[in-house]
Amino acid sequence: MTDHIIVEQPSAHPGVQSIRFNRPEKKNAITRAMYRTMADALNAANTSPDIRATAFLGTEGCFSAGNDLNDFLAAAMGGRGLEQEILDFLYALVKAEKPVVSGVDGLAVGIGTTIHLHCDLTIASSRSQFRTPFVDLALVPEAGSSLVAPRLMGHQRAFAMLAAGEAFSAAEAREAGLVWKVVEPGEVDSLTLGLAAKLAAKPPEALRIARDLIRGDRGEIIARIDEEARYFSARLKSAEARAAFEAFMRR
């Protein structure tokens, strides 16, 4: 199962840890075990002197289709809420003490989109598409997105993405501030890892302070993640959500 997330420190990019989604047969849908592996990698980076930056990557044509809906359906049928592995990953992402960058090529859905709200820099290919169909599944926004996205892109764009479920092209995501740079598909991995390596080579304490000043209070984001999780858990247990999941799975 851990092969679905590949964690490496590429020798060609000193100081960089890469976390790669590697479940292309399922469009890199994220399971509980995958969340746990990613959370552990982020937490380990905080204390490792060999890691100064982390880069999230996907596979060709797909970053991630978001949470594995089988896990959501199981939680809904079992009357459970949002799984602890998901929350632990979100906490680790928000509390990451070193720079986090991401490279997107193609599909980015749900958490595959909202993860980038917490990255310091994101590179996307021109064929990338970002979408958060939470309400379509009778759910609510997650990952602190209901707080961070309106601040980043304004109410109307945030509402279009998080509530209306409108898809954003790479160009639209860049215009909204979700993406830093748009490149050709074949350039995403090398440019993202190179960017992480440039950050890793900077004076670490000065970079840490600058990053903390720019990011501001993380406690507010954690509080919003917890608030969203309460609503999300209640929605997972609802008949409306179970019907939406079952309809999706019958497609």
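Here, residue 1 is the first one in the sequence, and each next residue gets the next number. Only this structure's heavy atoms are used, side chains among them; waters, hydrogens and symmetry mates stay out.
Taking the charged nitrogens against the carboxylate oxygens, Lys26 and Asp68 have no contact shorter than 4.0 Å, which rules out a salt bridge. A salt bridge does not link Arg230 to Glu227: none of the charged nitrogens lies less than 4.0 Å from a carboxylate oxygen. The pair Glu85-Arg36 does not count as a salt bridge, with every side-chain nitrogen at least 4.0 angstrom from each carboxylate oxygen.
With sequence neighbours excluded, no residue satisfies ring pair (Phe, Tyr, Trp, His ring centres under 6.0 Å) with Phe134. Residues satisfying the salt bridge (Lys or Arg N to Asp or Glu O under 4.0 Å) criterion with Asp120, sequence neighbours excluded, are Arg211, Arg215. The salt bridge (Lys or Arg N to Asp or Glu O under 4.0 Å) search around Asp212 returns Arg208, Arg218, not counting sequence neighbours. Asn43 is linked by a side chain to side chain donor-acceptor pair (under 3.5 Å) to nothing, counting only residues two or more places apart in sequence or in another chain. Partners of Phe56 under the ring pair (Phe, Tyr, Trp, His ring centres under 6.0 Å) rule, at least two apart in sequence or in another chain, do not exist in this structure. In this structure, Glu60 has no salt bridge (Lys or Arg N to Asp or Glu O under 4.0 Å) partners at least two apart in sequence or on a different chain. For Phe159, the ring pair (Phe, Tyr, Trp, His ring centres under 6.0 Å) partners two or more places apart in sequence, or in a different chain, are His155. With sequence neighbours excluded, no residue forms a side chain to side chain donor-acceptor pair (under 3.5 Å) with Asp40. Looking at residues two or more places apart in sequence or on another chain, you find no side chain to side chain donor-acceptor pair (under 3.5 Å) involving Ser18. Arg52 pairs by the salt bridge (Lys or Arg N to Asp or Glu O under 4.0 Å) definition with nothing, not counting sequence neighbours.
Residue Gln156 qualifies as open at atom CD: its count of foreign heavy atoms under 6.0 Å is 12 or below. More than 12 heavy atoms of other residues, nucleotides or ligands sit less than 6.0 Å from atom NZ of Lys98.
The aromatic rings of Phe89 and Tyr35 sit tilted, their planes meeting at an angle between 30° and 60°.
Under a hydrophobic clustering in which Ile, Leu, Val, Met, Phe, Trp and Tyr are joined whenever their side-chain heavy atoms come within less than 4.5 Å, directly or via other members, Leu191 and Phe63 fall into different clusters. Following chains of ILVMFWY side-chain contacts shorter than 4.5 Å, one cannot reach Leu199 starting from Leu193, and the two form parts of different hydrophobic clusters. Under the 4.5 Å side-chain heavy-atom criterion for Ile, Leu, Val, Met, Phe, Trp and Tyr, Leu139 and Leu117 are members of the same hydrophobic cluster. Residues Leu121 and Leu42 do not share a hydrophobic cluster, clusters being chains of Ile/Leu/Val/Met/Phe/Trp/Tyr side chains in contact below 4.5 Å. Under the 4.5 Å side-chain heavy-atom criterion for grouping Ile, Leu, Val, Met, Phe, Trp and Tyr, Val100 is connected to Ile222 within one hydrophobic cluster.
The side-chain heavy atoms of Ile51 and Val16, taken from C-beta on, include no pair separated by under 4.5 Å. Between Met38 and Ile30, some side-chain heavy-atom pair lies under the 4.5 Å cut-off. Proximity of Phe130 to Leu107: side-chain heavy atoms (C-beta onward) are nowhere separated by under 4.5 Å. Contact check for Ile86 versus Tyr91: no side-chain heavy atoms found under the 4.5 Å cut-off. Counting heavy atoms from C-beta on, the side chains of Val101 and Ile123 never come closer than 4.5 Å. Leu93 has its side chain within reach of Ile115: a pair of non-hydrogen atoms, C-beta onward, lies under 4.5 Å apart. Side-chain atoms of Ile5 and Ile19, non-hydrogen and from C-beta on, do get closer than 4.5 Å to each other. Glu166 has its side chain out of reach of Glu172: every pair of non-hydrogen atoms, C-beta onward, lies at least 4.5 Å apart.
Judged by distance alone, with hydrogens and angles left aside, the side-chain atoms of Ser238 form a donor-acceptor pair with the main-chain N or O of Arg235 at under 3.5 Å. Under a 3.5 Å cut-off, the side chain of Ser64 and the backbone N or O of Ala29 do not form any donor-acceptor pair. In this structure, the side chain of Glu228 engages the main chain of Gly144 through a donor-acceptor pair within 3.5 Å. Put simply, the side chain of Asn67 never gets that close to the backbone of Leu69: no donor and acceptor are under 3.5 Å apart. The main-chain N or O of Lys237 is found under 3.5 Å from a side-chain atom of Arg242 such that the two form a donor-acceptor pair. Side-chain atoms of Asn22 come within 3.5 Å of backbone atoms of Asp3 as a donor-acceptor pair (strictly under, hydrogens ignored). Remark: the backbone N or O of Ala143 is not paired with any side-chain donor or acceptor of Thr114 at under 3.5 angstrom. A distance-only check finds a donor-acceptor pair linking the side chain of Ser233 to the backbone of Ala229 [under 3.5 Å]. Here the side chain of Ser146 pairs no donor or acceptor atom with the backbone of Glu142 at under 3.5 angstrom.
We find the CZ-SG distance between Phe21 and Cys62 to be 9.5 Å, quoted to the nearest 0.5 Å. For the atom pair NZ of Lys95 and CG of Leu90, the computed distance is 11.5 Å after rounding to the nearest 0.5 Å. Atom CZ of residue Arg174 and atom OG1 of residue Thr122 lie 12.5 Å apart, to the nearest 0.5 angstrom. One finds the CG atom of Leu57 at 10.5 Å from the CD1 atom of Ile6 (value rounded to the nearest 0.5 Å). Between His116 atom NE2 and Ile111 atom CD1 the span is 9.0 Å, to the nearest 0.5 Å. Here the CZ atom belonging to Arg157 is positioned 13.5 Å from the CG atom belonging to Leu162, to the nearest 0.5 angstrom.
Residue pairs meeting the ring pair (Phe, Tyr, Trp, His ring centres under 6.0 Å) criterion with at least one partner in residues 184-220, sequence neighbours excluded, do not occur; the list is empty. Within the structure, every pair that satisfies the side-chain hydrogen bond (donor to acceptor under 3.5 Å, both in side chains) test and touches residues 179-203, not counting sequence neighbours, is listed here: Arg20-Asp189.
Counting all heavy atoms, side chain and backbone alike, Ser126 lies closest to Pro185 at OG-CD, 3.9 Å. Heavy atoms only, all atoms of each residue included: Val188 and Ala124 are closest at CG2-C, 4.2 Å. The two residues Gly110 and Pro133 have their closest heavy-atom pair at N-CD, 4.2 Å. Heavy atoms only, all atoms of each residue included: Ala176 and Met153 are closest at O-CB, 3.3 Å. The shortest heavy-atom contact between Glu240 and Ala138 is CG-CB, 3.6 Å.
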Does the pair Gln129 and Ser169 meet the rule for a side-chain hydrogen bond (donor to acceptor under 3.5 Å, both in side chains), with working shown?
-> CA-CA 5 Å; Gln129 185 180 89; Ser169 67; over 6 Å; no
Just do the side-chain contact (heavy atoms from CB on, under 4.5 Å) check on Val135 and Val140 with the steps written out, would you?
-> CA-CA 6 Å; Val135 174; Val140 296; over 6 Å; no
For side-chain hydrogen bond (donor to acceptor under 3.5 Å, both in side chains), just list the numbers for Arg131 and Thr113, CA-CA rounded to whole Å, side-chain angles, deciding distance to a tenth of an Å, and then say yes or no.
-> CA-CA 6 Å; Arg131 185 165 177 257; Thr113 285; over 6 Å; no
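With no hydrogens or angles considered, a side-chain donor-acceptor pair links Asp105 and Ser125 at under 3.5 Å. In this structure, a donor-acceptor pair under 3.5 Å is present between the side chains of Thr59 and Asn28.
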